Amino acid sequence: MSKRVEKKVKSKKHVKEVIITVNASFNNTIITAADKSGNTVAWSSAGLAGFKGAREATPFAAQAATEELVKKLKGMGVVTVSVALKGIGNGREAVLRGLHEFHVTEIRECTPIPHNGTRLPKARKS
């Protein structure tokens, strides 16, 4: 006799405003959507969109990842987004172009910039 396992149905979240954080590195582009209290609602990346290796760093891969995230967010009823960009990868502008379906209220630059750099190594003995 086999036991019948009932699957629990997840309740869909309904969010109006989200903060989208884009982490664009030289190797990948990761896009995370969080609600106003900071809880992650949905996420996507170039690797999740089916790209592997060096192709993850391309703008086309970032655009495909953005389209995947947009589908998830449309199902949740998202209307307005604010974007925080971090990193200097190729996917930054492609992600912004992919978010044209939402009302973008803010674009923020969060790339860390070293003010003085790391400490220099000790001088070599002669």
Side-chain angles (χ1 to χ4, degrees):
M1 289 180 141
S2 63
K3 291 184 179 179
R4 200 174 217 181
V5 180
E6 292 185 27
K7 291 183 180 180
K8 291 184 180 177
V9 178
K10 281 190 177 179
S11 62
K12 283 249 182 176
K13 293 181 183 176
H14 293 285
V15 184
K16 294 284 184 194
E17 292 183 51
V18 293
I19 302 166
I20 294 181
T21 307
V22 180
N23 190 351
S25 69
F26 288 120
N27 298 320
N28 201 352
T29 303
I30 301 169
I31 312 159
T32 308
D35 57 8
K36 288 293 179 182
S37 57
N39 300 319
T40 300
V41 177
W43 67 276
S44 183
S45 69
L48 189 72
F51 295 89
K52 296 291 174 206
R55 287 186 291 169
E56 287 181 351
T58 62
F60 181 70
Q63 188 176 4
T66 306
E67 288 171 4
E68 230 176 79
L69 184 72
V70 166
K71 285 179 190 174
K72 291 178 187 176
L73 293 178
K74 283 283 186 183
M76 294 178 193
V78 174
V79 179
T80 60
V81 298
S82 72
V83 183
L85 297 170
K86 183 176 181 182
I88 51 175
N90 293 328
R92 292 165 53 103
E93 285 78 23
V95 171
L96 283 176
R97 271 187 248 114
L99 294 174
H100 70 277
E101 297 182 31
F102 299 116
H103 181 255
V104 179
T105 57
E106 177 186 20
I107 299 173
R108 200 168 1 131
E109 176 61 42
C110 299
T111 305
I113 301 169
H115 293 284
N116 202 11
T118 57
R119 185 173 175 171
L120 293 173
K122 194 163 66 169
R124 185 175 169 177
K125 292 180 184 177
S126 56

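Note that the structure is a prediction, hence the values are computed from the model and not measured. We number each residue from 1, following the sequence as shown.
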**Q.** Closest heavy-atom pair and its distance - Val70, Gly98
**A.** CG2-O, 3.8 Å
Q.
Return the SG to CG distance between Cys110 and Leu85, rounded to the nearest 0.5 Å.
A. 7.5 Å
Q. Which atoms form the tightest heavy-atom contact between Ala46 and Asn28, and what is the distance?
A. CB-OD1, 3.2 Å
Q) Is there side-chain contact between Val95 and Val83, with at least one heavy-atom pair below 4.5 Å? A) no
Q.
For Ile19 and Arg108: C-alpha separation, side-chain torsions, deciding distance, then whether side-chain contact (heavy atoms from CB on, under 4.5 Å) applies.
A. CA-CA 10 Å; Ile19 302 166; Arg108 200 168 1 131; 4.2 Å; yes
Q | Shortest non-hydrogen contact between Ile107 and Leu96, atoms and distance | A | CD1-CD2, 4.1 Å
Q) Looking at Thr80, Val78, Val81, which hits side-chain contact (heavy atoms from CB on, under 4.5 Å) with His103? A) Thr80
Q: State, to 0.1 Å, how close Val41 and Asp35 come at their nearest heavy-atom pair, and which atoms those are.
A: CG2-N, 3.7 Å
(Q) Tell me which pairs pass ring-ring contact (aromatic ring centres under 6.0 Å, His included) where either residue lies in residues 29-59, with sequence neighbours left out. (A) Phe51-Phe60
Q) Is the NZ atom of Lys36 crowded by more than 12 outside heavy atoms at less than 6.0 Å? A) yes
Q.
For Ser44 versus Leu69, what's the shortest heavy-atom pair and its separation?
A. CB-CB, 4.0 Å
Q: Decide whether Leu48 and Ile20 are clustered together by the hydrophobic rule: side chain heavy atoms of Ile, Leu, Val, Met, Phe, Trp, Tyr closer than 4.5 Å, transitively.
A: no
Q.
For the CD atom of Glu68 and the CG atom of Leu73, what is their distance to the nearest 0.5 Å?
A. 11.5 Å
(Q) Assess the residue pair Arg92 and Thr111 against the criterion (side-chain contact (heavy atoms from CB on, under 4.5 Å)); give the C-alpha distance rounded to whole Å, side-chain angles, the decisive distance to 0.1 Å, and a yes or no. (A) CA-CA 11 Å; Arg92 292 165 53 103; Thr111 305; 3.7 Å; yes
Q. For Ser25, which residues count as a side-chain hydrogen bond (donor to acceptor under 3.5 Å, both in side chains) partner, sequence neighbours excluded?
A. none
(Q) With a 4.5 Å cut-off on side-chain heavy-atom distances among I, L, V, M, F, W and Y, is there a chain of contacts connecting Ile31 to Val104? (A) yes
Q: Please say whether more than 12 non-hydrogen atoms of neighbouring residues, nucleotides or ligands are located less than 6.0 Å from NZ in Lys74.
A: yes
Q) Where is the tightest heavy-atom contact between Arg55 and Ala61, given as atom of each residue plus distance? A) O-CB, 3.3 Å
